[in-house]
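On a predicted model such as this, the values are computed, not experimentally measured, just so you know. Position 1 is the first residue of the sequence; numbering continues from there.
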Amino acid sequence: MNTRFAFFFCSLFVLLASCSKSSNPVAPEQTVTVFDTTAFPANEYFQANGLPSLDGWTFHPSIPGDTITFDPFGPPTNSTAWSITLRKSDVPPVTNNVTKSFIHCTSGVYSFTVWLTMKKPLPDTTYNPVGSIAIIRQRNGMRDTASMTSSDSIIWHPVTLLDILTLLPTDTVTLMLASGACDSSCHGNPLWFDDITFKKLP
C-alpha cells in the first residue's frame with residue numbers, strides 16, 4: 001500500500017487535508033513532464049491569448065451530455081480572466097471534474113491552491129452540495145488521494161490543499177477540480193474555478 005500523509009496547516013486559507021480513494025478518471029495523455037513543478041505557472045487561469053482555454057486540463061463528464069463552460073469573470077486576483085463552470089452531478093459519487101497530470105516530480109511538500117465560488121448557498125439538508133480539490137498519486141495502477149472539500153460560499157475565495165508526496169520518477173501526480181454530486185435539486189447550482197497554483201514548498 002502506498003504511504004502518504006496529509007496534515008493540518010493553520011492559516012486563513014488553508015483547510016484540513018484528508019486521505020480518500022478517488023473514483024474519478026485520470027487522463028495520462030495530458031501528462032506534462034515537469035521537475036518539481038517549475039514548469040507549472042503560478043496563478044494559472046483558464047485562458048490563452050485572451051480566449052477561454054482548458055490549457056492542458058481534461059474534462060471528465062459524470063454522464064454523457066454533461067458539459068463544461070467558460071464565463072468571462074474571475075476572482076479578485078484577476079477579474080478579467082475566464083473561469084470554468086462545473087455543474088453538480090446527479091449520479092453520486094461520480095462528479096463532473098477536470099484533471100491535469102505531471103511526471104518526474106520529486107518527493108516533498110506540495111501546495112495546491114484554487115480560487116472558486118458557487119452560484120447560491122444550499123440548505124444543510126442537501127446531500128454533498130459542495131465541490132472538492134484533490135492531489136492524486138498514481139503508481140503501478142494504484143492511486144491514493146489527498147482531497148479537501150471546498151466551502152459553501154457565493155463569494156470568490158481561495159482554498160489550499162497541502163500534501164506530503166513520496167514519489168518515484170515513474171509516479172504520476174494528478175490535480176483534480178470537482179463540482180460535487182447530489183440529487184437533481186442542486187444540479188442548477190454550478191461551481192466556478194480559476195487562478196490555480198501548484199508548487200513544491202522549500
Exercise for review: Determine, step by step, whether Ser107 and Leu165 satisfy the side chain to side chain contact (heavy atoms under 4.5 Å, CB included) criterion, reporting the C-alpha distance in whole Å, the side-chain angles of both residues, the deciding distance to 0.1 Å, and the verdict.
Suggested key: CA-CA 5 Å; Ser107 300; Leu165 294 174; 5.9 Å; no

Practice item. Take the angle between the ring planes of Phe73 and Trp156 and call it parallel below 30°, perpendicular above 60°, tilted in between. Key: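 The arrangement is perpendicular - the two ring planes meet at more than 60°.
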
Could you tell me the separation between the [atom1] atom of [X] and the [atom2] atom of [Y], rounded to the nearest 0.5 Å?
X: Arg87; Y: Ser179; atom1: CZ; atom2: OG; answer: 10.0 Å
X: Phe112; Y: Leu177; atom1: CZ; atom2: CG; answer: 4.5 Å
X: Tyr110; Y: Lys200; atom1: OH; atom2: NZ; answer: 5.0 Å
X: Ser101; Y: Gln138; atom1: OG; atom2: CD; answer: 8.0 Å
X: Ile135; Y: Thr145; atom1: CD1; atom2: OG1; answer: 10.0 Å
X: Leu191; Y: Leu116; atom1: CG; atom2: CG; answer: 6.0 Å

**Study point:** Check against side chain to side chain contact (heavy atoms under 4.5 Å, CB included), Asn96 and Phe59
**Key:** CA-CA 8 Å; Asn96 287 307; Phe59 173 56; 3.9 Å; yes

Check your understanding: Can you find a heavy atom in the side chain of Ser111 that is under 4.5 Å from one in the side chain of Thr160?
Key ->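 A side-chain contact exists here, since the closest heavy-atom pair is under 4.5 Å.
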
**Study point:** Heavy-atom check, side chain of Ile68 versus side chain of Leu86, under 4.5 Å
**Key:**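 Ile68 reaches Leu86 side chain to side chain.
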
Test your reading of the model: is there a side-chain donor-acceptor pair from [X] to the backbone of [Y], 3.5 Å cut-off?
X: Lys100; Y: Asp55; value: yes
X: Arg137; Y: Thr174; value: no
X: Thr117; Y: Trp192; value: no
X: Asn97; Y: Thr95; value: yes

Under a 3.5 Å cutoff, is there a donor and acceptor pairing between the side chains of [X] and [Y]?
X: Asp71; Y: Thr85; value: yes
X: Asp195; Y: Thr77; value: yes
X: His60; Y: Thr99; value: yes

Exercise for review: Run the numbers on Leu168 and Arg139 for side chain to side chain contact (heavy atoms under 4.5 Å, CB included), then give the verdict.
Suggested key: CA-CA 8 Å; Leu168 299 177; Arg139 177 183 298 171; 3.6 Å; yes

Review point. Residues in side-chain hydrogen bond (donor to acceptor under 3.5 Å, both in side chains) with Ser53, at least two apart?
Key: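 Partners of Ser53 under the side-chain hydrogen bond (donor to acceptor under 3.5 Å, both in side chains) test: none.
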
Review point. Applying ring-ring contact (aromatic ring centres under 6.0 Å, His included), which residue pairs with at least one partner in residues 79-100 are found, sequence neighbours left out?
Key: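 Listed by first then second residue: nothing to list.
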
Check your understanding: When you look at CG of Leu201, are more than 12 heavy atoms from neighbouring residues, nucleotides or ligands closer to it than 6.0 Å?
Key ->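 Counting other residues, nucleotides and ligands, CG of Leu201 exceeds 12 neighbours.
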
Check your understanding: For the residue pair Phe46 and Phe70, is the inter-centroid distance of their aromatic rings smaller than 6.0 Å?
Key ->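 Judged by ring-centre distance (under 6.0 Å), Phe46 and Phe70 do not meet the cut-off.
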
Check your understanding: Can Trp57 and Met176 be said to form a side chain to side chain contact (heavy atoms under 4.5 Å, CB included), step by step?
Key -> CA-CA 9 Å; Trp57 292 79; Met176 184 175 69; over 6 Å; no

